[in-house]
Protein chains: 4
Amino acid sequence: MKTGFIGLGHMGSPMAANLLRAGHEVTVFNRSPEKCRALLELGAHEAVTVADACRGDVVITMLADDLAAARVALADDGIVGQLAVGAIHISMSTIGVALSKRLARTHAAAGQGFVAAPVFGRPEMAVAARLFIVAAGDPAVLEACQPLFAAMGQKTMPVGEDPSAANLVKLSGNFLLAAAIEALGEAVALVDKAGIDRQAYVDLLASTIFPAPAYRTYGDLIAEGKFEPAAFAAPLGYKDIRLMLAAAESLQVPMPLGGLLHHRFLRLLANGGDHLDWAAIGGLAAQDAGTARSAR
Amino acid sequence: MKTGFIGLGHMGSPMAANLLRAGHEVTVFNRSPEKCRALLELGAHEAVTVADACRGDVVITMLADDLAAARVALADDGIVGQLAVGAIHISMSTIGVALSKRLARTHAAAGQGFVAAPVFGRPEMAVAARLFIVAAGDPAVLEACQPLFAAMGQKTMPVGEDPSAANLVKLSGNFLLAAAIEALGEAVALVDKAGIDRQAYVDLLASTIFPAPAYRTYGDLIAEGKFEPAAFAAPLGYKDIRLMLAAAESLQVPMPLGGLLHHRFLRLLANGGDHLDWAAIGGLAAQDAGTARSAR
Amino acid sequence: MKTGFIGLGHMGSPMAANLLRAGHEVTVFNRSPEKCRALLELGAHEAVTVADACRGDVVITMLADDLAAARVALADDGIVGQLAVGAIHISMSTIGVALSKRLARTHAAAGQGFVAAPVFGRPEMAVAARLFIVAAGDPAVLEACQPLFAAMGQKTMPVGEDPSAANLVKLSGNFLLAAAIEALGEAVALVDKAGIDRQAYVDLLASTIFPAPAYRTYGDLIAEGKFEPAAFAAPLGYKDIRLMLAAAESLQVPMPLGGLLHHRFLRLLANGGDHLDWAAIGGLAAQDAGTARSAR
Amino acid sequence: MKTGFIGLGHMGSPMAANLLRAGHEVTVFNRSPEKCRALLELGAHEAVTVADACRGDVVITMLADDLAAARVALADDGIVGQLAVGAIHISMSTIGVALSKRLARTHAAAGQGFVAAPVFGRPEMAVAARLFIVAAGDPAVLEACQPLFAAMGQKTMPVGEDPSAANLVKLSGNFLLAAAIEALGEAVALVDKAGIDRQAYVDLLASTIFPAPAYRTYGDLIAEGKFEPAAFAAPLGYKDIRLMLAAAESLQVPMPLGGLLHHRFLRLLANGGDHLDWAAIGGLAAQDAGTARSAR
């Protein structure tokens with residue numbers, strides 16, 4: 001398929017590369033154009049403007065936050081203004097429910113298709129085309145997109161016709177991950193102060209009751225107290241918790257654990273943690289216990 | 001090995017049965033003696049008193065709470081008074097750190113061995129001899145117990161020489177499970193109120209970012225809103241959170257998520273939830289959101 | 001002074017009346033004009049449009065929320081467009097910090113004065129001209145407003161030159177009041193379940209360690225379990241907690257107690273509490289304890 | 001009345017002095033006997049043992065915690081064993097509900113009267129005989145004690161016949177005070193980061209919506225960031241929150257704000273705050289906001 005791809009960060013670059021490898025014709029755009037280079041060598045076309053990336057059947061966006069996603073889609077020279085009638089915008093960014101609803105309305109009014117398809121998976125899973133893609137939108141449009149999804153992920157999971165449902169599922173998934181980080185942070189602080197080896201404890205958990213990659217990955221980071229370099233930076237994790245709580249507020253769903261995570265991120269950022277991995281909220285319990293240490 | 005086994009509940013009965021199947025000579029005791037019957041048919045001896053169960057090399061206890069464990073071990077006619085010098089008490093109950101330390105001291109003073117070896121796994125895993133056994137105590141004594149552990153579990157994980165370390169690890173594991181339940185409860189309440197199918201949501205989570213049995217098991221219960229019959233009753237889950245918080249208090253480790261779980265259990269019990277599975281704390285978020293429903 | 005007054009609710013009406021009684025020339029405007037009548041009898045002029053209320057030296061706004069305040073000030077036919085250069089807008093509504101900053105910028109650009117002067121005090125204190133007025137803005141402008149403040153309140157407390165400081169102080173004051181309500185709710189639920197008379201308990205507190213009207217007022221409501229009719233409705237209290245948390249988020253100040261109050265309000269509203277007094281969050285602890293009852 | 005007085009700390013000493021000034025015959029006992037000296041000069045008799053203090057009609061205890069109170073009352077040579085049949089033990093210490101119930105049972109079995117009469121008021125109020133005394137017990141016994149109460153306090157407030165009710169009221173009062181401290185801590189951290197003068201803010205609160213000594217006293221301490229020397233030390237505040245939560249647990253009353261305070265105290269103590277005033281939990285919000293500073 002003739003596809004535009006906007007946003008070539010840690011996630012977008014390998015995703016676009018996998019589209020190229022699967023034989024799709026891909027035109028790439030990034031605000032900092034030097035990120036396009038490696039993809040050009042793989043056969044991508046270069047877009048100089050957002051409009052250049054909107055000349056195909058589909059345009060995919062993979063951007064950092066609501067602000068970037070709104071600007072690229074809704075600015076005067078943005079996607080909505082440039083995309084052909086009948087063409088499709090696949091929004092794979094982790095954006096909020098309110099923006100997703102707004103994009104759906106706007107594209108519908110312009111006679112364009114709109115699908116939200118955020119992903120679960122850290123950059124190495126994007127490289128391996130092993131992402132989980134949570135997709136929502138018009139079933140016919142979703143089906144049209146499936147060859148692209150198949151090139152980027154291991155599985156596509158539809159969650160309904162309202163695109164924003166996919167965004168909410170993604171945000172709630174990040175909430176569940178952050179909750180696991182907080183729980184691990186408290187548990188590791190506890191056993192550590194009792195003299196139990198932190199790494200052995202995480203090994204035990206990951207090989208018994210929690211055989212899930214998240215517990216292994218975040219448990220290791222917390223046991224080591226090593227939160228940089230960031231694979232997923234704390235400000236992004238904070239943004240997702242905020243977007244989820246905004247949705248919860250709008251739906252009137254009290255989420256006390258969500259609130260606790262919000263405080264944790266805010267405290268981390270207020271004390272200089274912008275550059276840390278979001279797993280660093282799992283180090284605050286040790287600070288509170290008076291046992292925090294630097295990475296060994 | 002010649003082994004006594006005290007406490008034949010949902011967990012103890014299949015564990016004792018597996019010892020018998022592995023060829024050990026087992027004398028069983030239960031406060032309500034009718035629970036011994038099935039085991040007698042498998043070849044167990046019946047103990048009429050705790051003392052009868054203490055005549056071998058080892059006595060195992062698998063009791064409901066600290067009160068029962070303390071009484072069986074420390075009463076005038078309890079284990080400490082009856083066990084031979086050099087014999088071993090394996091405490092497999094989920095008890096608190098303080099009691100475990102006290103038992104260790106008392107047995108040491110009496111010249112007896114003491115090992116704490118609580119387990120992870122619901123009753124069906126006990127039946128299948130697939131428990132995870134977290135063990136702590138004198139290494140030589142642990143080694144002597146290994147044939148018994150091998151008959152009951154799939155894996156034994158040593159966590160040090162201080163028996164109470166095993167109890168703390170077990171309690172913290174139940175805290176992590178309860179934290180996952182709470183997080184799932186909030187997330188399911190959120191997506192449900194947004195009109196997303198609860199069961200499909202749990203299926204998605206369990207097959208993507210959380211491929212751990214706990215997320216599957218508890219996610220299903222929460223999606224169904226079906227919290228009885230209880231596989232692990234709420235008062236027992238509450239007890240474990242309390243024991244963990246008691247240890248945290250004693251070690252001066254603030255655990256805000258632990259505190260949140262404590263409130264949730266207390267609220268559940270104050271409103272008649274004694275007979276429910278501990279996963280029922282995962283139904284409170286839906287109550288708060290005004291969307292709670294009975295099991296479908 | 002020649003003054004316009006916009007917003008004639010429970011608070012605005014008696015405040016405007018007190019201006020008239022003090023001899024000021026007041027032109028009143030309300031979206032539902034029937035609320036003007038009583039004031040016309042006191043000598044007020046009637047404004048048919050917002051513009052009519054903007055023809056004097058000063059225009060005062062006392063509106064329910066940010067939406068109303070923003071519309072009245074910033075719409076095409078709003079205050080900013082109608083007020084003379086050099087005239088003053090006194091915003092006495094409880095609005096957010098962000099909107100207050102925006103109004104300050106906009107009025108400054110239009111060459112108009114802007115002062116934020118929110119008040120503490122329930123309607124009966126407005127009637128008695130006993131309000132506490134928290135004021136911020138250019139000192140010279142504040143001084144010019146002082147005769148008006150003196151007619152409405154018992155005391156004016158300046159908190160700086162940035163108008164939004166007054167709004168933050170007001171919002172934080174409502175947070176402190178809500179925190180006292182929550183604390184009272186938990187304490188009353190506790191002593192009540194122990195068999196202690198709730199009203200006697202509140203009497204004791206209010207006459208010993210908490211001789212502040214808030215503890216008396218809210219303690220009585222909680223002891224009685226009587227949350228309607230609302231003197232200050234729950235949605236308004238919720239709005240203020242949200243506005244305060246928005247400011248806290250923007251300043252990166254984690255407020256866990258603020259978060260707890262947020263959940264309480266959201267739960268109240270999700271379960272049909274829109275029509276209740278905001279003190280009704282103080283009834284949730286009794287619900288959690290299984291002892292909630294209707295008003296006696 | 002012929003009265004023994006056990007426990008001559010910051011509170012007990014001035015209370016005993018006021019009994020002497022009112023003409024009562026007082027025999028004083030303290031574990032560190034040098035604290036008796038000033039009272040001997042006022043006319044007190046010196047008790048060398050607890051038994052010596054138990055020879056009158058009444059013995060008053062004012063001790064630091066449950067451990068001390070239990071030992072003095074229940075040890076072999078303690079009050080219960082020494083007091084005459086028909087004599088009265090007035091327990092004025094801030095102790096837990098469980099111990100109070102136990103003392104009531106034990107004294108009743110020994111034919112002695114028992115009254116719980118904890119007090120509200122910091123040391124300077126004890127000196128001025130301005131304490132508030134919360135009393136519970138048999139009405140006839142309470143009446144017999146009234147002359148003593150009148151000598152020590154400005155007001156006696158009976159709360160029922162079960163002595164432990166007075167202890168619960170006292171504990172819940174300290175919870176309310178700690179809640180006010182936490183709320184002030186968060187509010188001051190917020191306005192401070194917005195550039196508002198902390199002391200002016202506290203002045204404003206204390207002279208408007210919170211004209212209660214607690215808001216003035218604790219607000220000042222938080223505004224100054226000055227938490228030593230301790231008038232009421234953090235470990236004592238923590239103890240009271242724990243005792244209250246123990247009562248709440250036993251009554252099944254979830255208290256989320258109580259839980260938040262528990263974490264705050266635990267964090268303070270885990271980070272070296274033992275010597276600080278309990279108001280120091282009000283400094284944690286500023287730490288979380290990254291703006292904590294030393295006392296100016």
Side-chain angles (χ1 to χ4, degrees), chain A residues 65-67 96-98 168 171-172 175 178-179 181-182 185-186 233-276 278 280-285 287-289, chain C residues 65-67 96-98 168 171-172 175 178-179 181-182 185-186 233-276 278 280-285 287-289:
Chain A
D65 55 28
D66 275 38
L67 192 64
V97 167
L168 188 63
L171 293 172
S172 77
F175 157 70
I181 291 171
E182 171 66 25
E186 296 188 14
L236 293 174
Y238 174 55
K239 168 201 68 128
D240 291 353
I241 294 295
R242 287 181 63 200
L243 289 173
M244 186 203 63
L245 289 174
E249 196 168 272
S250 147
L251 291 163
Q252 294 195 327
V253 178
M255 300 182 75
L257 178 42
L260 169 55
L261 296 172
H262 185 270
H263 302 314
R264 290 299 212 188
F265 277 112
L266 204 49
R267 174 174 161 195
L268 187 69
L269 298 178
N271 286 277
D274 298 65
H275 61 296
L276 301 178
W278 74 326
I281 62 162
L284 295 175
Q287 280 184 25
D288 289 348
Chain C
D65 54 29
D66 275 37
L67 192 64
V97 168
L168 187 63
L171 293 172
S172 77
F175 155 72
I181 291 171
E182 170 66 24
E186 297 188 14
L236 292 175
Y238 174 54
K239 170 202 67 129
D240 290 352
I241 295 295
R242 287 180 64 201
L243 289 173
M244 184 203 64
L245 289 175
E249 196 168 271
S250 146
L251 290 163
Q252 295 195 324
V253 179
M255 300 182 75
L257 178 42
L260 169 55
L261 297 172
H262 185 270
H263 302 314
R264 291 298 212 188
F265 277 112
L266 203 49
R267 174 174 162 194
L268 187 69
L269 297 178
N271 286 277
D274 299 64
H275 61 297
L276 301 177
W278 74 326
I281 63 163
L284 296 174
Q287 281 185 27
D288 290 348

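Below, chains carry the letters A, B, ... as their sequence lines are ordered, and counting in each starts from 1. Quantities reported herein were computed from a predicted structural model and do not represent experimental measurements.
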If I measure from the heavy atoms of chain C, does A/Y238 come under 4.5 Å with its side chain, its backbone, both, or neither?
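Side chain only.
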Please rank C/A248, C/G259, C/A270 by heavy-atom pairs under 4.5 Å with chain A and give me the top one.
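Top option by heavy-atom pairs under 4.5 Å: C/A270.
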Spatial distance of atom NE2 (C/H263) from atom CG (A/L245) [nearest 0.5 Å]
7.5 Å
Show the nearest heavy-atom pair for residues A/Q252 and C/L266, with the distance to one decimal.
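Heavy atoms of A/Q252 and C/L266 come nearest at CA-CD1, 3.8 Å.
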Check salt bridge (Lys or Arg N to Asp or Glu O under 4.0 Å) between A/R242 and all other residues, then give those that pass, not counting sequence neighbours.
C/E249
Identified side-chain contact (heavy atoms from CB on, under 4.5 Å) counterpart of C/P254 within the set A/H262, A/R267, A/R264:
A/R267
